[in-house]
Amino acid sequence: MNLTNFRFETDADGVALATWDMPGRSMNVVTPEVMDELNQIVDAVVADAAIKGCVITSGKDTFSGGADLTMLQGLGVEHARLSRERGEEEAMRFFFEESRRLTLLYRKLETCGKPFAAAVHGTCLGGAFELALACHHRVLSDDDKTRVGLPEIKVGLFPGAGGTQRVARLMQTGDALQMLFKGEQIRPLMARNMGLAHAVAPRAEIVAKASEWIKAGGSAVAPWDQPKFKAPSGKVYSPAGMMTWPPANAIYRRETHDNYPAAKAILHAVYEGLQLPMDLALKVESRYFAKILRSPEAAAMIRTLFLSMGELNKGARRPKGVGAVSLKKVGVVGAGFMGAGIAYVSANAGLEVVLVDQSAEAAEKGKAYAHKLVSDQIMKGRAKTADRDALLSRITATSDYAALAGCDLVVEAVFEDPKVKAEVIAKVEAVIGPDAIFASNTSTLPISGLAKASSRSAQFIGIHFFSPVEKMMLVEIIMGEATGERALAVALDYVRAIKKTPIVVNDARGFFANRCVGAYILEGHLMLAEGVPAAMIENAGRQAGMPVGPLSLNDEVGVDLALKIVKATKAQVGEAAVNPHQERLLTALVEGEGRLGRKNRKGFYDYPEQGSKKLWPGLRDLQETKVDPDSVDFSELKQRLLVTQALEAARTVGEGVVTDPREADVGSILGFGFAPFTGGALSYIDFMGAARFVELCRTLEAKHGARFAPPATLVAMAERGGTFYGEAAKKAA
Ligand code: NAD
C-alpha cells in the first residue's frame, strides 16, 4: 500500500488499525488522496485472510471536520469547463460520477464482508461522520470535546455520502429529519441515545473497545443489509408514515420559506430513499446531491459561511508587518449592558479583566452579569462550578481607574455622549502604558471625532460589539483616520482570542452593519405608512429570509432609540437626511403612545406577561393611508426589504467604508441575519448580476422614491459587467 495520510498496522489478533493522520495539517479532511488511500485500505483488509476486521481512528487530537469544501467547489468549476467544451450532458455525467465517489467508497467499505469499526475522539462531522456511519460499529470518547453531526445544511449542502439514508434507517424519521435540518453538533451520550453510536468510552480505551468488538465476532453486515430489516418508523406508505410526512412538509415550509433547496432535497432524499433498497437509495441521494452542489445557494453559502468566514477568523485583514500580540490583561470601562457582556466574553477567553464603572457597586453589578451567564451554563450542564469560580476570579470590578495600569487593551462602553467619552479617554490614557490600545464601543459616534480627545490617536480604534455580546458572533473594527496598524493588529488578535469574527471598516456614520439594519427597519416603517398591513410586512421580512420582520426588530432595539437616531441625524446632517413619514410614525408611537419597544412591553407589538407577542391593533390608526391588502404585490415587498439592505451595503463599498466584499457578506449574515441563502448582502447582488440589480433598483426608484437610486459606483460596475468579488480580486492582484 502507498499511504501518506493513514498509518496501517495489524495486531497479533488480526485486527487492523487504520490511523488517519494527514501530514502538515492540524485537522484531517476528506480529499481525493484520502479517498484513494481508504480504498486501498479496504482492498487490503479484504485481501488478507489473516485480517479479521479494521478499526479506523485519528492520529490527531480530533477526528475530522469532513470533506474538503474547496474540493467540492473545484468540481463545480470543472463542470462549467466541461459544459462549455463538451456540452452539458457530458459535464453532468462527470459531475454526477465525481460527486458520488465518496458514497461508493463508503458503500464498498460497508459491504466488503469484513467488519469495520470507528473509534472517534474530538470533532467528527459531515463527510467524516458519514464514514463512521458506514462503519459497522461506532465507539465515541466520552470527552467534552467529542462531537458528531452532519452540519452540511449550514453551508447550503446536505449529507451526500450516505448520511441521509443511514441516519433515516437508524432512528425515527421525524428525529432523523430534525437532525439533518438542524445540522447540530451532538455530544457523545446524546449520540448513543439517538442510536448514532454503539458505545461511549474513555478516550484512552476507544480503540481497544472497537477492536474487542471485532474480536468478539462483530457483524460485517449493516442493519439495513439484513434480509428482515425494518426502518424504525416503518414504511413510508403506512399510517405511521402518514403521521410523519405531511407535518414534515409543513415544518420545512415554516422553517425555510422554500428558500433553501438543500433542505427540500433532504426531504426528497429521505422520502424516496426509504422506499428503496440501500444501493438505489444512495443513488437517489447522489442525484439530489449533484443538483444541490450546483445550486447558487450552495455556492454562495460555502463561499461566505465557510471560506470567507474562515479566512477572516484566521486574520485575513491583519497587517502583515506586526508580530502576533498575546493579550493578557484587558480593561473595560462602563459596566452597563454592553460592558458587562464584553467583560464576560473576555474573561471567558482566559483574559484578566479590569471592569471599571463610576462606583464600585455599578462595577460589581456588571460583574454579577458574568456570574449569571456562567450559572446558566452550569444549569445546562455546560460548565462546572469550578469554571465559574475561575472566570469570576479573573474579573476585578472597581471604580479605580488606576487598576487599568498594565492593560494591553482598554475598551470603553460608557454612555453614548462625546463629553463623557472624552473624560473617560483622558482618565484612561493617564494610567495605561505607551503601547496599550484604546478602543471605543460607540455605535453612532465617528471614531476619528472621538480620537480628537486622545493624546495618542494612532493607538485609538473602534471595536463595535453587537448585543447581546455573549451571543452575537460579529465584531466590527473601525479604523479612524489616524488609527495605526498596530492598533488594528491588537484589535484583531483580541477578537480572535474571544473567538468572534471580525470585519474591518473605515470610519463613517453607522459604520457598516447599523446602516444596513437601519435601511431594513426604515423600509418596514415606510410600508406601514403606505398602508400595508403590519402582518404582511412582518411576513414579507421572514419569507425573504430575514430572522425577524422589520417591526419586530425595531421593537428589540427600541422604538425610542430609532426616534433618537432620526432626531440626531436631522440635527447633525440636516432635514433632508431623514424620512418625514418615518419621523411621524416614530414620534406618534414614542411621544404620542409611550410605545418604546419590547423593553416596556409596548412597541409595534404588545408583549403580554402571559402568552406570545401580538401586533398592536392601534397601528392601523397610525397609518397615513390604507391600501387594499389584495392589491399589494407581496413578492415586491420581499424584494424591497432585501434590495434596500443590499443597496446600502453597495453604498458602503462605493464610499470606501467596506473595502473587502467578504467582510460585507460575512458581516451582513452574522451581524443582522441577512438572508443567509444569498451568501450575504453583496453576494445577493453578485449572484443576481449587477446589471439586473441596477435595473431592479431603477424600477423600485420610479415607484417608491430616491432611496432606491443605485449609487454611481454600482452603475459603473454594472456597465463594466463586473462583480464585487471579481473587482476586489483584481485590485488585490
Ligand atoms: P449602559 O447605559 O447600559 O451602560 C453605560 C455604563 O457606563 C453605565 O453602567 C454607566 O454607569 C457607565 N459610565 C458612565 N459614565 C462613566 C464614567 N465616566 N466612567 C465609568 N463608567 C461610566 O449603555 P450600553 O447600552 O451598555 O452602551 C454603552 C456603549 O456601547 C455606548 O457607546 C453605546 O452606543 C454602545 N453600544 C450599545 C449597544 C446596545 O445595543 N446597547 C450596541 C453596540 C454598542
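Each ligand, and each atom within it, is numbered from 1 in the order the structure gives. Quick note: residue numbers are just sequence positions, from 1.
- For the pair Lys421 and ligand 1, a heavy-atom separation below 4.0 Å is found.
- Using a 4.0 Å cut-off between a side-chain N of Lys or Arg and a carboxylate O of Asp or Glu, Arg651 and Glu648 qualify as a salt bridge.
- For Tyr344 and His371, the gap between ring centers reaches or exceeds 6.0 Å.
- Scanning the protein heavy atoms around atom 8 (C) of ligand 1, the nearest turns out to be Asp357 OD2, 3.6 Å.
- Note that atom 15 (N) of ligand 1 has protein non-hydrogen atoms nearby, at separations under 4.0 angstrom.
- Under 4.0 angstrom from ligand 1, the non-hydrogen atoms of His464 all belong to its side chain.
- A heavy-atom separation below 4.0 Å is found between Gln358 and ligand 1.
- Counting only non-hydrogen atoms, the option in Val414, Leu561, Leu445 that gets closest to atom 7 (O) of ligand 1 is Val414.
- Note on ligand 1: Ala362 sits outside its first shell, no heavy atom being nearer than 4.0 Å.
- There is no side-chain donor-acceptor pair under 3.5 Å between Ser612 and Tyr607.
- A salt bridge links Glu412 with Lys421: at least one charged nitrogen is closer than 4.0 Å to a carboxylate oxygen.
- Proximity of Phe466 to ligand 1, defined as any heavy-atom pair under 4.0 Å, is not found for any part of the residue.
- In this structure, a donor-acceptor pair under 3.5 Å is present between the side chains of Arg388 and Ser375.
- Ring geometry for Tyr260 versus Phe677: interplanar angle over 60°, hence perpendicular rather than tilted (30 to 60°).
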